[in-house]
Engineer: 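I have a structure I would like to understand better, so I am pasting it below and will then ask my questions one at a time.
Keep in mind that this is a model prediction, so the values were computed, not measured. One-based numbering, in listed order, for ligands and for the atoms of each.
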Amino acid sequence: MEIVIETPNSPRKRKGANWEKYGWMYMRISGAVLIVLIFGHLIVNLWDKGVGAIDFAFVAGKWTNPFWQVWDVLMLWLAMIHGTNGMRTITNDYAEKEWVRKTLNVSLWVVCAALIILGTLVATTFDPCIDPNAVNYLPTVCK
Ligand code: HEM
């Protein structure tokens, strides 16, 4: 019996956008941008006094500058979508049952969306200055 192996790079015959190709391109482009963002992040945060210097005041100070807010939000979006799309690839490769594959992939994107929304809210609405009147409405357990 003759076995015919399809030419690997023959174009797909399905109609509509080729989302797998765009996903493949996204992994490479976001990977290249993430190298700059992640190493820039590590160098700026650790260069001076190391990890021991990172506390509430350090982050509060950094986020007074819109440049670092944009940097951090960009890093969050690119890394979350990159990581989730990478996990989707792995799920598609290894999940044998269709319902397991679908459930895992939907869960991945739900978690990704939740973390992106929460992280973006924190980085863009963060206010380190506590209300000076807070002492008047603290619960009675706080002496
Ligand atoms: C330094 C920055 C990074 C670069 C240059 C990079 C590059 C890449 C590339 C090119 C791929 C595709 C590999 C393939 O299709 O065979 C990939 C896959 C993947 N990446 Fe990244 N990445 C980076 C950061 C990250 C981060 C921060 C995460 C997690 C949030 C992550 C999670 C993944 C996962 C889960 C895969 C799928 C692995 C697989 O298919 O076996 N990567 N990465």
Engineer: Heavy atoms only: give me the nearest Leu78-Ser30 pair and the separation to one decimal.
Structural biologist: CD2-CB, 4.2 Å
Engineer: Just say parallel, tilted or perpendicular for the rings of His82 and Tyr26, cut-offs at 30° and 60°.
Structural biologist: tilted
Engineer: How close does the nearest protein non-hydrogen atom get to atom 1 (C) of ligand 1, and which residue and atom is it?
Structural biologist: Ile35 CG1, 3.8 Å
Engineer: For ligand 1, find out whether one of its N or O atoms is nearer than 3.5 Å to an N or O atom of Arg28.
Structural biologist: yes
Engineer: What atoms of ligand 1 come closer than 4.0 angstrom to any heavy atom of Leu34?
Structural biologist: 2 (C)
Engineer: For atom 3 (C) of ligand 1, which candidate among Ser30, Gly23, Gly31, Ala79 holds the nearest heavy atom?
Structural biologist: Gly31
Engineer: Give the cluster check for Met87 versus Trp19: same hydrophobic cluster or not, with ILVMFWY residues linked at side-chain heavy-atom distances below 4.5 Å.
Structural biologist: no
Engineer: Could you identify the single nearest non-hydrogen protein atom to atom 38 (C) of ligand 1 and state the distance to 0.1 Å?
Structural biologist: Ile90 CD1, 4.0 Å
Engineer: Going through the distances and angles, do Gln69 and Phe126 end up as a side chain to side chain contact (heavy atoms under 4.5 Å, CB included)?
Structural biologist: CA-CA 10 Å; Gln69 283 180 306; Phe126 180 71; 5.8 Å; no
Engineer: For atom 27 (C) of ligand 1, grab the closest protein heavy atom and report residue, atom and distance to one decimal in Å.
Structural biologist: Ile38 CD1, 4.0 Å
Engineer: Taking Thr64 for the side chain and Gly61 for the main chain, is one N or O donor matched with an acceptor at less than 3.5 Å?
Structural biologist: yes
Engineer: Tell me which one of Met87, Met27, Arg88 gets a heavy atom nearest to atom 19 (C) of ligand 1.
Structural biologist: Met27
Engineer: Quick one: nearest non-hydrogen protein atom to atom 7 (C) of ligand 1, plus distance?
Structural biologist: His82 CE1, 3.7 Å
Engineer: Which of the numbered atoms in ligand 1 are below 4.0 angstrom from a heavy atom of Gly83?
Structural biologist: 29 (C), 30 (C), 32 (C), 35 (C)
Engineer: Is it the case that the side chain of Tyr94 and the backbone of Arg101 share a donor-acceptor pair, with hydrogens and angles ignored and the cut-off at 3.5 Å?
Structural biologist: no
Engineer: Hey, which atoms in ligand 1 end up nearer than 4.0 Å to a heavy atom of Gly86?
Structural biologist: 34 (C), 35 (C), 36 (C), 37 (C)
Engineer: With side chains defined as the heavy atoms from C-beta onward, is the minimum distance between Asp72 and His41 less than 4.5 Å?
Structural biologist: yes
